[in-house]
Amino acid sequence: MPGISMNRLVRICTLGALCVAVSISGGCNKKNKSSLDAALAENAELRGRIESLEQALRDCDAQKAGLEQQLAAGAPLGQDDGSTGFEG
């Protein structure tokens, strides 16, 4: 072969054989079933935690909106005697 050196031909053949071996063996995606189950369990746990945190955030937003409405209406939110609560 006048255009390809022997060293380059060996590299190409080796790379081709490696690609065939990887495709026959199932590729790089083989995982342990136990590690997959553990990852799925952790995923479910984290989704539950996210949902509870989102609910807590919605509750805080609702409480904030209620307090802002009280403030806008001029309703007293606490002591209205002029004290700050830090008087000794």
Side-chain angles (χ1 to χ4, degrees):
M1 289 187 194
I4 299 177
S5 68
M6 187 57 95
N7 191 17
R8 187 171 182 171
L9 182 63
V10 170
R11 285 187 200 170
I12 292 172
C13 289
T14 304
L15 182 61
L18 182 62
C19 289
V20 169
V22 167
S23 66
I24 289 174
S25 69
C28 300
N29 289 332
K30 284 192 171 184
K31 291 190 177 196
N32 238 350
K33 182 168 174 33
S34 62
S35 66
L36 179 61
D37 290 341
L40 290 174
E42 182 182 10
N43 187 6
E45 179 184 338
L46 290 173
R47 286 181 185 269
R49 187 169 179 207
I50 287 171
E51 180 58 36
S52 66
L53 291 172
E54 286 176 342
Q55 182 60 45
L57 182 60
R58 285 189 293 270
D59 293 343
C60 286
D61 286 342
Q63 183 181 15
K64 178 185 169 194
L67 291 173
E68 286 175 343
Q69 285 178 352
Q70 285 181 0
L71 185 61
L77 298 177
Q79 293 179 345
D80 199 14
D81 60 0
S83 64
T84 61
F86 293 105
E87 287 81 17

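We use all heavy atoms of the structure for the numbers below, so side chains are in, but hydrogens, waters and symmetry mates are not. What you see is a predicted model, and the numbers here were worked out from it, not measured in a lab.
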Inset, instruction - Verify side chain to side chain donor-acceptor pair (under 3.5 Å) between Asp59 and Gln55, making sure each step is shown before the conclusion. - result: CA-CA 6 Å; Asp59 293 343; Gln55 182 60 45; 3.0 Å; yes
Legend entry - Test side-chain hydrogen bond (donor to acceptor under 3.5 Å, both in side chains) applied to Glu51 - qualifying residues, sequence neighbours left out: Arg58
Legend entry - From NZ (Lys33) to CG (Leu40), nearest 0.5 Å: 8.5 Å
Legend entry - Between CZ on residue Arg47 and OG on residue Ser52, distance to nearest 0.5 Å: 14.0 Å
Inset, instruction - Output the distance between atom CD1 (Ile50) and atom CG (Leu57), rounded to the nearest 0.5 Å. - result: 13.0 Å
